[in-house]
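Have a look at the structure below before the remarks.
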Amino acid sequence: MGDCLFCKIRDGEIPGEIVYENEHVMAFNDINPTAPTHILIIPKEHISTLNDLEDNHKQTVGEIFIAAKQIAAERGFAESGYRTVFNCNGHGQQTVFHIHLHLIGERQMTWPPG
Ligand code: 5GP
Ligand code: ZN
């Protein structure tokens, strides 16, 4: 998609600190981290919001979560725990319209979220 920030990071047009990549997904550090680890995991295919998911995205969505648990394990915080979040549209406070899973770890979270 022409003007999408995360498509530009995927394509190397905007720098990103890539921490994981496979055929389906890419993961990079959030530019404004909210925890010692704050990684965004995106599908390589542009999908604007969760509302745009189709049946043919099932594998890609699975790959996003598998990447999250692998990164948590590699970094040693799988057992202590972490948070994964997809924000959707206005009430969800989505600000970048290329879906991304926030993988947030290495600090104590609180609940409920704000
Ligand atoms: P959202 O609010 O859409 O769920 O999350 C968007 C996330 O993208 C935010 O956590 C924000 O810090 C991050 N972000 C915004 N612009 C950039 C950027 O240019 N590079 C990176 N790596 N992250 C960004
Ligand atoms: Zn995109």
Side-chain angles (χ1 to χ4, degrees):
M1 294 296 259
D3 225 23
C4 172
L5 180 62
F6 288 172
C7 283
K8 288 181 177 163
I9 291 177
R10 175 201 64 202
D11 295 342
E13 293 170 21
I14 291 177
E17 294 175 12
I18 312 296
V19 299
Y20 178 87
E21 183 174 5
N22 71 21
E23 183 188 345
H24 302 280
V25 305
M26 176 179 271
F28 47 84
N29 289 327
D30 196 293
I31 203 168
N32 186 22
T34 60
T37 290
H38 187 166
I39 290 169
L40 304 174
I41 306 169
I42 66 164
K44 286 191 169 173
E45 177 184 348
H46 179 89
I47 304 167
S48 297
T49 78
L50 288 188
N51 295 334
D52 299 303
L53 287 175
E54 308 278 359
D55 275 357
N56 65 358
H57 294 130
K58 284 178 179 171
Q59 182 181 1
T60 301
V61 173
E63 294 277 351
I64 290 171
F65 282 101
I66 294 291
K69 74 114 189 183
Q70 275 179 215
I71 294 166
E74 281 165 12
R75 294 182 175 220
F77 62 85
E79 294 308 319
S80 57
Y82 51 94
R83 182 164 291 168
T84 54
V85 178
F86 274 111
N87 294 324
C88 184
N89 279 342
H91 279 185
Q93 289 220 309
Q94 183 177 4
T95 59
V96 178
F97 287 84
H98 179 137
I99 63 168
H100 46 281
L101 184 68
H102 294 259
L103 169 62
I104 306 168
E106 297 187 283
R107 72 164 165 84
Q108 179 63 55
M109 305 297 151
T110 60
W111 193 263

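If you're wondering where the values come from, they're calculated on a predicted model, not measured in any experiment. Only heavy atoms go into these numbers, but all of them, side chains included; no hydrogens, no water, no symmetry mates. We count ligands from 1, going down the list as the structure has it; atoms in each ligand are counted the same way.
Here Gln59 pairs with His24, Glu63 under the side-chain contact (heavy atoms from CB on, under 4.5 Å) rule; sequence neighbours left out. In this structure, His57 has no ring pair (Phe, Tyr, Trp, His ring centres under 6.0 Å) partners at least two apart in sequence or on a different chain.
The atom name of the N/O/S atom in His46 closest to the Zn ion (ligand 2) is ND1. For His98, the N, O or S atom with the smallest separation from the Zn ion (ligand 2) is ND1.
Between His98 and His100, the ring center distance fails the sub-6.0 Å criterion.
Of all non-hydrogen atoms in Asn51 and Cys88, the two that sit nearest each other are ND2-SG, 3.8 Å.
Within 4.0 Å of ligand 1, contacts by protein heavy atoms are made from Leu5, Phe6, Ile9, Phe28, Asn29, Asp30, Ile31, Asn32, Leu40, Asn87, Gln93, Gln94, Thr95, Val96, His100, His102.
With respect to Lys44 and Glu21, a salt bridge is recorded, a charged nitrogen being found less than 4.0 Å from a carboxylate O.
For the pair Thr34/Arg107, a side-chain contact is recorded, criterion being any heavy-atom separation below 4.5 Å from C-beta on.
Clustering of Ile, Leu, Val, Met, Phe, Trp and Tyr side chains at separations under 4.5 Å places Leu53 together with Val19, Tyr20, Val25, Ile39, Ile41, Ile47, Leu50, Val61, Ile64, Phe65, Ile71, Phe77, Tyr82, Phe86, Ile99, Leu101, Leu103.
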